[in-house]
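Heavy atoms only: backbone and side chains are in, while hydrogens, waters and symmetry mates are out.
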Amino acid sequence: MYDVLILSVMTVGILAMAVFSYKIFHSRAYPVGMVREIPTSQHGTLELEDVSDQEGTTQRIFYSDVWAKRHNQETAYGLFEKGKKRKIHLRFYGGGEPSFPEKPQGSPLEEKVTEHEEALKVYSKQVENLEKRLRRLEAERVQKFQEATEEEKPEAPQVVH
Amino acid sequence: MATFDESLVSVSGRIGHERDFTFYKNNVDLANLLQKELSATPKEITIDTDGDIEIEMSDVGTIIATPSAAIAVGWLTTPKVLSVQQEVEKFVNTLDRLAKLKGSFAVESYSIGLFFRFRPENPLNLLRERGFESSLQFIFSEKAPPDIASLKSSTTRSKGKFRDTIELEASSKDARVRYSRSGNGAGFDSYLTFVVAASLREMLEELKPFAEILLAAERGLRLSGLLSEMK
Amino acid sequence: MALESWLRVSLPALPVAFTVFGVWLYWGENPLPLLAPPLAFWGVVVLFYLFSHLDLPQGRNYAPFLTILASVFWAFAAITSHNLGKFVASKQYVGFTSVFGSKDFWYAYICAAASFVAGLLHFIRYEPLIMEQIKKDRERLGAQGV
């Protein structure tokens, strides 16, 4: 019984292997990912320029498209210090002169949303400043009046012994 | 020595309305108009760096016009005067006129506020004794710091159609109390209706017990000062 | 066959070589119980290598199933080799031909042969394709100056 079971399983297994092999032999096969691209490294230089605006500094970042393929954009931005024009040595992959595509622009809708957000921030700041100013004005008026009233008070009578 | 009714109080008011998007373009014209209508002399009207119009008035404090509000701040008076309807109406009407001169904008909110400044001998200790000590002990787990530099507290509550904010600030020099009441513009026909409904008398009555403690402490300080001078 | 290809078939065959040259020839011990599992394992490794470097759009599911089957046969061969080892160590073993009477011998070596043959056949078919592609890729990269 035990032998029959094992023999049956083996037979099924071998038959299955034969069938699968047949199927594989009769399907198209494409060798993939055989050779890694490990080119010789090449040093290059990259110049950064910062563009200041009212809110702070933004960066015009140039990056090679090969670099961008290997690292996501956040990584590339994170590598650069803000606000200074400086030269950075970078290792380029792929050889040859790197191409520098411009930072991709947002859609007009995205720009509008950003503008609106900035305007809201400015407005909130204005409101905050107004509140502070009103409080200060009120406190100063009262304080001045109180101090002026104290100065005007007659002096206490002097008792002479 | 001043009693509560004779103590100094600063009144402020605000009419908040829809934003006037042309305000900053036309603020000079508006300033000229206000000068004419409110009888303010040229040196009393200024346009600040933000473009808001500020008018120094002798009887109602400082009037400020912004794109979304007409504000009056710093009308120095006493609780006794505030119990007189006509005096309050003068203040209210000035602010109302300012709002109307700015243009027809839907009113969004009304607000009125009272501000007191007291100078007892040791405002911080006084307030600690009167209740803040337990808050400090609660925060610092029984090890409340012996010396504090300042104290701030802000409380808001809803009372019928109104929203109240009571703020207390104390330092080593003084104790300041701000009690403001605001309401939705749609709930009232005019600023006067709002102020009447808000009842300045009721607001003053609520503050009176607290104010009298601080005033008494002020009087005590003055009295000891006088006595030491006499010696 | 290129040197790289020889390397690819030789490395998984090291356990087999150890059994033959070490256990049998050097130590003079009976290799029969120890030979089946490495033979099966060779087939598993080669199949795994081949299907890691091939894309089969139509036969996509068959490749992993085949590899899994080969692994199952290896497990079978290992278990039955253990029993074969007991047999060889027992008094019933009286020479090489006596193992043909043992069921475990047949189970172990049939399973090992199935796995081994599967690996071998696929290697013969696909290794030239892979080597051809490698050659093309290297020429391309060489032309780019990398």
Non-hydrogen contacts under 4.5 angstrom with chain A: give the residues of residues 9-30 of chain C involved, or none if there are none.
none
Residue-level interface, residues 107-120 of chain C with chain A, non-hydrogen cut-off under 4.5 Å:
Y107(C), I110(C), C111(C), A114(C), S115(C), A118(C)
To the nearest 0.5 Å, tell me how far K23(A) NZ sits from F65(C) CZ.
13.5 Å
Can you establish whether the number of heavy atoms outside I124(C) located under 6.0 Å from its atom CD1 is more than 12?
yes
Can you pull the salt bridge (charged side-chain N to carboxylate O under 4.0 Å, His left out) pairs that have at least one residue in residues 89-112 of chain C, sequence neighbours excluded?
D3(A)-K103(C)
Contacts under 3.5 angstrom, residues 66-75 of chain C side chains, donor-acceptor by atom type, not counting sequence neighbours:
{"from": "T67(C)", "atom 1": "OG1", "to": "A63(C)", "atom 2": "O", "distance (Å)": "2.8"}
{"from": "S71(C)", "atom 1": "OG", "to": "T67(C)", "atom 2": "O", "distance (Å)": "2.9"}

Kindly assign one of parallel, tilted or perpendicular to the pair F20(A) and Y62(C), based on the angle between their ring planes and the thresholds 30° and 60°.
tilted
Whatever's closer than 4.5 Å to a heavy atom in chain A on L50(C) counts as neither
Looking at OG of S21(A) and CG of L47(C), how far apart are the two atoms once the value is rounded to the nearest 0.5 Å?
7.5 Å
